Number of protein chains: 2
Amino acid sequence: MFKIILRFGLLALLLGILLELSNYSISNRSYYSEFLVAIAAVGLVAFGFVLRKYIITKTSYLKDEFAPNERKIQLLQISSREMEVLTVMAEGFSNIEIADKLFVSESTVKTHVSNLLSKLEAKRRTEAIKKAKEYGIIK
Amino acid sequence: MFKIILRFGLLALLLGILLELSNYSISNRSYYSEFLVAIAAVGLVAFGFVLRKYIITKTSYLKDEFAPNERKIQLLQISSREMEVLTVMAEGFSNIEIADKLFVSESTVKTHVSNLLSKLEAKRRTEAIKKAKEYGIIK
DNA sequence: GAACATTTCATACTAAAGTATGAGCCGTGT
DNA sequence: ACACGGCTCATACTTTAGTATGAAATGTTC
């Protein structure tokens with residue numbers, strides 16, 4: 001992360017120097033004045049262009065260090081056990097498989113899922129998963 | 001599309017004028033010389049920054065930097081219609097809802113889903129959705 | 001044009017998912 | 001102590017989802 005900031009900082013500095021250079025050459029009416037300005041301009045545009053990509057990829061990188069949206073979880077009144085069910089459910093497991101993983105009965109899982117559906121205002125588990133992801137409460 | 005090109009063209013022109021202006025003011029050693037250059041530089045970076053977004057979003061089939069993994073789709077022998085079903089299915093819709101959206105019967109959707117499950121080696125639609133996302137064939 | 005994949009649909013199943021209701025247990029807090 | 005929320009489970013039921021099979025209409029490819 002610091003590496004990227006450093007890289008972009010250096011690039012920005014370089015472009016700044018280029019601009020300054022063109023300033024001086026303009027004052028001196030050098031041959032390369034217009035040329036240098038053009039290069040600096042193109043460089044700056046490219047800088048912004050690439051910057052966006054890095055910002056986007058690096059923020060999606062931060063999604064890997066996934067922190068569930070606790071606010072939303074509390075707002076929807078989703079309990080910790082429901083969260084566990086939701087997480088395993090999103091992995092594509094059936095109710096019985098979830099039950100085995102959490103050491104409870106299928107009935108219990110069904111109850112949790114049913115509660116999750118109403119809390120997430122979803123009609124199906126697929127819809128619940130989609131919404132939960134949109135809310136950032138699961139990855 | 002032309003609208004966007006026009007907009008960006010105008011913006012680029014404006015930035016060019018700004019640069020030229022700063023050139024002149026530098027020659028004249030005006031108070032605003034450095035200031036103008038800085039504004040032009042920031043403008044150019046912003047230009048590139050926004051440009052990327054527009055290029056990506058306006059090339060429509062590349063939404064949010066997402067390009068479906070065509071190689072994987074072909075490898076798994078998933079047909080175009082199956083892809084459509086998969087996409088809508090991942091949005092959390094039921095078979096009947098998918099059928100309505102694609103103007104086919106529920107039977108047809110069931111067939112497609114069933115084929116998708118075997119092709120994706122999934123036991124349930126939730127698992128299929130998860131795998132499809134991992135493979136990068138849906139977002 | 002014959003072979004082949006795709007898309008469509010139906011029928012008849014079985015298997016899951018989801019709903020509704022009631023109930024017992026366990027902590028926490030008033 | 002008692003109310004409350006969370007977790008557990010069961011039974012009974014309805015609704016979807018998923019499988020199997022067959023079949024017909026399209027394209028596509030060699």
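First the proteins, then the strands, lettered A, B, ... as listed; each starts at 1. Here the structure is a predicted model, which means the values were calculated and not measured. Any value given below was found using the heavy atoms of this structure, including those in side chains, with hydrogens, waters and symmetry copies removed.
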Value in whole Å for how far the C1' atom of dG22(D) lies from CG of Asn115(B): 14 Å

Closest nucleotide among dT16(D), dT8(D), dC9(C) to the Ser94(B) side chain: dT16(D)

Given DNA chain C, 5'-ward residue of the pair Ile78(B) and Thr126(A), judged by closest heavy atom: Ile78(B)

Nearest-angstrom distance from the residue atom NZ of Lys119(B) to C1' of dT6(C): 9 Å

Given dT11(D), dT8(C), dC7(D), the nucleotide with the shortest approach to the side chain of Thr111(B): dT8(C)

OP1 or OP2 of dC7(D) under 4.0 Å from side-chain N/O of Thr108(A): no

Donor-acceptor contact below 3.5 Å, side chain Glu127(A) vs main chain Lys123(A): yes

Any side-chain donor near an acceptor of the partner, Ser105(B) and Thr108(B), under 3.5 Å: yes

First encountered from the 5' end of DNA chain C, between Gln77(B) and Ser107(B): Gln77(B)

Nucleotide dT8(D), atom P - distance to CG of Asp100(A) in whole Å: 14 Å

Sugar-phosphate, base or nothing in reach of Ser105(B), heavy atoms under 4.0 Å: sugar-phosphate

Test item: Lys119(A) side-chain N/O and Gln77(A) main-chain N/O as donor-acceptor pair under 3.5 Å: yes

Short side-chain N/O contact from Asn95(A) to OP1 or OP2 of dA17(C), under 4.0 Å: yes

Rounded distance (Å) that lies between atom P of dA15(C) and atom CD of Glu97(A): 16 Å

Below 4.0 Å: OP1/OP2 of dC7(D) and any side-chain N or O of Ser79(A): yes

Distance in angstrom units between Lys110(B) NZ and dT19(D) C1', rounded: 9 Å

Carboxylate-amine/guanidinium contact Lys130(A) Glu91(B), below 4.0 Å: yes

Candidate nucleotides dT8(D), dT19(C), dC9(D), ranked by approach to the side chain of Arg81(A) - the nearest: dT8(D)

Between P of dT8(C) and CG of Leu116(B), the distance in whole Å: 13 Å

Phosphate OP1/OP2 of dG18(D): any Arg124(B) side-chain N/O under 4.0 Å: no

Between C1' of dA17(C) and NZ of Lys123(B), the distance in whole Å: 17 Å

Nucleotide dG5(D), atom P - distance to CD of Gln74(A) in whole Å: 16 Å

Per His112(B) side chain, nearest of listed nucleotides dT8(C), dT11(C), dC9(D): dT8(C)

Short side-chain to backbone donor-acceptor contact, Gln74(B) and Arg71(B), under 3.5 Å: no

